[in-house]
Amino acid sequence: MADEQSFWESHRTMARLARDAERFAVHLPLVGRVGIPRPDQLAYFAGLAALVALDLIEWPVAVAIAAGQVVVTEHNHRGAAAATHRPGTPTAAGAGAATTSAEATT
């Protein structure tokens, strides 16, 4: 019974980590590291695949839509990373150093 409890607790912990993660990757032996889309993106791609399987859209259109989604997602991810680490903006350590040097001159 205790093993079952720890199994479910570890499962909940890993599910929480997966839900909060930014990116996923799997290391394949011959291929190397392969990125996996987030669960919401997987659902989007599965929806596109379903539309192709039902013959509601043609496969080249679905590929173009999926490629656009990947490009936009990468652009947004890199833009958010750049916004948090902009060059030329003072960091906490840089701001403290500037304050210290200003205090030393007065």
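Here CD of Q69 is found 8.5 Å from CG of L48. Values are rounded to the nearest 0.5 Å. From L51, atom CG reaches atom CD1 of I57 across 5.0 Å, with rounding to the nearest 0.5 Å.
Hydrophobic clustering (side-chain heavy atoms under 4.5 Å, transitive across Ile, Leu, Val, Met, Phe, Trp, Tyr) keeps V72 apart from I65. Note: the hydrophobic cluster containing V61 also contains L54 (ILVMFWY, side chain heavy atoms under 4.5 Å, direct or indirect links). Note: the hydrophobic cluster containing V70 does not contain V26 (ILVMFWY, side chain heavy atoms under 4.5 Å, direct or indirect links). Residues I36 and F45 do not share a hydrophobic cluster, clusters being chains of Ile/Leu/Val/Met/Phe/Trp/Tyr side chains in contact below 4.5 Å. Criterion: ILVMFWY side-chain heavy atoms under 4.5 Å apart, direct or through other members. Under it, L42 and Y44 are not part of a common hydrophobic cluster.
Annotation for Q41: atom CD counts as buried by contact number, over 12 foreign heavy atoms lying within 6.0 Å.
Closest of all the heavy-atom pairs between V52 and A62 is CG2-CB, 3.4 Å.
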